[in-house]
Amino acid sequence: MKRSVYIKAVDTYAGTLYRIACTYCRQHADAEDIVQTAFMKLYQTETEFQDEEHIKRWLIRVTVNEARNLCSSFWKKNVTSLESSGMIQPYDFPRPEYSDLYDAVLSLPGKYKIVVHLYYYEDYSVKEIAEILSLKETTVQTQLMRARKQLKIKLKEVWQDEQ
């Protein structure tokens with residue numbers, strides 16, 4: 001891979017990959033490690049990319065795989081973090097309700113969380129998400145529908161508690 005193409009990819013997609021990694025693993029340091037690994041794999045790959053969108057999709061796929069691997073690892077399952085916060089928000093929210101919504105998204109199971117993030121926060125279509133995650137379109141639609149139902153229940157509880 002040409003150095004200029006690699007640098008452009010890092011500059012362009014680092015924020016997106018970081019947000020995806022944070023959505024998946026909820027830890028600042030883990031998200032940074034995941035993004036770094038994704039970019040190392042990009043630098044080392046011999047894949048011939050067709051265009052910028054192909055690079056972006058490839059990087060998202062690698063980031064999701066790395067996040068899944070990290071979250072399912074023995075180490076992650078059996079070690080308690082020293083960080084007290086445990087969760088970060090990669091977005092600045094203009095209104096508190098948006099923060100509640102993002103927190104509810106983060107509390108979803110992984111398979112729902114990633115499709116919601118890609119659909120609503122990264123503006124991918126169902127078809128594109130299916131291609132990126134190697135799923136059927138109907139599977140993505142079903143996961144989005146179930147995630148919406150869970151979000152509706154969680155947000156009703158949160159917003160009723162605030163009143």
Side-chain angles (χ1 to χ4, degrees), residues 12-39 41-42 53-81 83-163:
T12 306
Y13 305 122
T16 299
L17 299 183
Y18 176 76
R19 288 188 299 271
I20 290 169
C22 282
T23 299
Y24 212 90
C25 68
R26 299 183 178 196
Q27 297 288 328
H28 173 70
D30 290 343
E32 287 179 342
D33 289 345
I34 290 165
V35 172
Q36 182 177 6
T37 302
F39 282 120
K41 288 186 177 188
L42 175 66
E53 187 62 26
H54 186 203
I55 293 172
K56 183 178 182 181
R57 289 179 183 199
W58 187 90
L59 282 168
I60 289 172
R61 181 76 242 168
V62 170
T63 301
V64 168
N65 287 342
E66 288 298 319
R68 283 182 181 162
N69 290 344
L70 179 71
C71 291
S72 66
S73 69
F74 175 81
W75 173 259
K76 193 70 174 170
K77 289 180 180 179
N78 294 295
V79 173
T80 304
S81 173
E83 295 178 9
S84 59
S85 67
M87 190 177 103
I88 61 164
Q89 291 181 340
Y91 296 106
D92 291 325
F93 298 104
R95 297 174 48 192
E97 307 88 67
Y98 298 159
S99 177
D100 293 340
L101 175 61
Y102 192 72
D103 291 341
V105 169
L106 289 178
S107 70
L108 292 171
K111 65 182 179 180
Y112 300 143
K113 183 176 9 181
I114 195 66
V115 295
V116 167
H117 182 85
L118 290 174
Y119 188 79
Y120 289 106
Y121 292 95
E122 301 299 332
D123 294 323
Y124 278 100
S125 69
V126 170
K127 182 178 181 179
E128 292 170 328
I129 295 169
E131 290 172 4
I132 291 170
L133 300 178
S134 301
L135 299 171
K136 294 180 181 178
E137 286 183 47
T138 54
T139 303
V140 173
Q141 290 171 334
T142 302
Q143 289 177 348
L144 281 169
M145 180 187 68
R146 290 178 180 166
R148 288 180 192 119
K149 285 181 181 179
Q150 288 184 18
L151 287 172
K152 183 178 179 180
I153 293 167
K154 290 178 187 202
L155 291 173
K156 273 186 180 179
E157 292 171 2
V158 169
W159 291 337
Q160 285 177 353
D161 290 344
E162 290 178 358
Q163 293 177 355

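Throughout, residue positions are numbered sequentially from 1 according to the sequence presented. For the numbers below, each heavy atom of this structure counts, side chains included, while hydrogens, waters and symmetry mates do not.
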Under 3.5 Å, side-chain donor or acceptor atoms of residues 132-146 against the rest of the protein: list the pairs with distances, not counting sequence neighbours.
unit_1, atom_1, unit_2, atom_2, d
Thr142, OG1, Thr138, O, 2.8

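Contact record, Ala38 with Trp58: O-CZ3, 4.2 Å, taken as the closest heavy-atom pair. Phe39 approaches Tyr13 most closely through the heavy-atom pair CZ-C, 4.2 Å. Minimum interatomic distance between Tyr119 and Tyr124 (heavy atoms only, all atoms of both residues): CD1-O, 3.3 Å. Looking at every heavy atom in both residues, Leu118 comes nearest to Ile20 through CD2-CD1, 3.8 Å.
For Ala21, the side chain to side chain contact (heavy atoms under 4.5 Å, CB included) partners are Ala31, Ile34, Val35, Thr63, not counting sequence neighbours. Residues forming a salt bridge (Lys or Arg N to Asp or Glu O under 4.0 Å) with Lys41 (at least two apart in sequence, or on another chain): Glu66. In this structure Lys154 satisfies the side chain to side chain donor-acceptor pair (under 3.5 Å) test together with Ser107, sequence neighbours excluded. Partners of Ser125 according to the side chain to side chain contact (heavy atoms under 4.5 Å, CB included) rule, which considers only residues two or more places apart in sequence or in another chain, are Lys127, Glu128. The side chain to side chain donor-acceptor pair (under 3.5 Å) check on Glu131 picks up Arg57, with sequence neighbours excluded.
Residues Leu42 and Val62 fail the side-chain proximity criterion, which asks for heavy atoms closer than 4.5 Å. At least one side-chain heavy atom of Tyr121 sits under 4.5 Å from a side-chain heavy atom of Val105. Side-chain contact between Arg61 and Val64 is present, with at least one heavy-atom pair separated by less than 4.5 Å.
None of Gln27, His28, Glu32 except one satisfies the side chain to side chain contact (heavy atoms under 4.5 Å, CB included) rule with Asp30; the exception is Gln27.
From Tyr24, atom OH reaches atom CZ of Arg68 across 4.5 Å, with rounding to the nearest 0.5 Å. Rounded to the nearest 0.5 angstrom, Leu108 CG and Arg148 CZ are separated by 11.5 Å.
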